[in-house]
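Scroll down for the structure; my scribbles are underneath it.
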Amino acid sequence: MTPQEILGLLQEKFADQSFELKENISEQILIVPASILKEACYFLKDDERLSFDSLMNLSGVDLADGEKKTFEDGSFEYVGGNLASVYHLHSINRDHKLTLKVIVPKDNPRIPTVEKIWRTADYHEREAFDLFGIVYEGHHNLIRILLPYDWEGYPLRKDYKVPEFYQGMKVPY
């Protein structure tokens with residue numbers, strides 16, 4: 001099944017919602033509103049025509065689409081802008097794939113969790129939370145897993161500034 005056909009099924013099921021299919025370098029990406037992500041994912045998994053039984057990967061992205069402010073020391077930050085969560089789905093039985101993207105504002109990056117739909121999302125959502133600060137609402141244990149619990153900031157955001165010291169120790173950069 002092609003992404004265009006899958007989009008048609010989603011538009012039929014969620015007639016009052018707006019989806020968008022975007023071309024990327026090697027694939028088409030389906031943009032899904034955060035407000036219906038969970039329901040859309042249950043549909044993608046449970047509908048027999050789709051049967052997306054595997055979440056192959058979930059990752060965060062800083063779209064760096066805010067206003068870039070550069071400071072005298074060369075550092076910069078983005079004011080506004082968006083983060084995204086990207087889901088790579090696969091149907092083993094149907095042998096088709098789909099990439100979903102949910103875009104949320106950087107100042108309030110909240111997305112419903114899909115960990116109860118695909119258990120592997122548990123780890124991936126924690127990782128995206130730890131490195132990008134995306135909050136997966138309803139996650140059973142959304143805590144940092146790569147950085148210390150009291151680490152400040154999110155290292156994979158484009159405007160992240162590495163602290164000089166952490167608990168009195170020089171950070172090695």
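What you see is a predicted model; the values in this text were computed from it and never measured.
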Residue pair R126, D130: steps toward the salt bridge (charged side-chain N to carboxylate O under 4.0 Å, His left out) verdict: CA-CA 6 Å; R126 288 182 194 188; D130 198 6; over 6 Å; no
Should K106 and D62 count as an ion pair when the cut-off is N to O under 4.0 Å?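 Looking at D62 together with K106, the answer is yes, because their closest N to O distance falls below 4.0 Å.
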Reported [atom1]-to-[atom2] distance for the pair [X] and [Y], which is rounded to 0.5 angstrom:
X    : Y   : atom1 : atom2 : value
Y154 : L83 : OH    : CG    : 10.5 Å
T99  : H90 : OG1   : NE2   : 11.5 Å
I117 : F43 : CD1   : CZ    : 13.0 Å
N82  : D65 : CG    : CG    : 4.5 Å
L9   : M1  : CG    : CE    : 5.0 Å
E5   : T2  : CD    : OG1   : 3.5 Å

Give a yes or no on whether [X] atom [atom1] has more than 12 heavy-atom contacts from other residues, nucleotides or ligands under 6.0 Å away.
X    : atom1 : answer
K161 : NZ    : yes
K38  : NZ    : yes
F165 : CZ    : yes

Atom of [X], atom of [Y] and distance for their closest heavy-atom approach:
X    : Y    : answer
F19  : Q11  : CD1-CG, 4.0 Å
L37  : P112 : CD2-O, 3.7 Å
R144 : G153 : NH2-O, 2.7 Å
L147 : P155 : CD1-CG, 3.4 Å
R157 : P109 : NH2-CG, 4.0 Å
S18  : P33  : O-CG, 3.3 Å

Could you tell me whether the side chain of [Y] reaches within less than 4.5 Å of the side chain of [X], counting heavy atoms only?
X    : Y    : value
K97  : E27  : no
Y87  : C41  : no
D159 : K68  : no
E152 : Y166 : no
I29  : L100 : no
K22  : N24  : no
W151 : L146 : no
S85  : L58  : yes

If only atom types and distance count, is the side chain of [X] paired as donor or acceptor with the main-chain N or O of [Y] below 3.5 Å?
X    : Y    : result
E115 : H140 : yes
H124 : S59  : no
D53  : I92  : yes
E125 : V114 : yes
S91  : S51  : yes
R94  : E48  : yes

Geometric class of the H96/F52 ring pair [parallel <30°, tilted 30-60°, perpendicular >60°]: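 The rings of F52 and H96 sit tilted, inter-plane angle from 30° to 60°.
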Linking I/L/V/M/F/W/Y whenever their side-chain heavy atoms sit closer than 4.5 Å, directly or via other members, would [X] and [Y] fall into one cluster?
X    : Y    : answer
L156 : I111 : yes
F76  : V79  : no
L10  : I103 : no

Step by step, work out the side-chain contact (heavy atoms from CB on, under 4.5 Å) result for D47 and K13. CA-CA 11 Å; D47 188 282; K13 174 74 176 171; over 6 Å; no
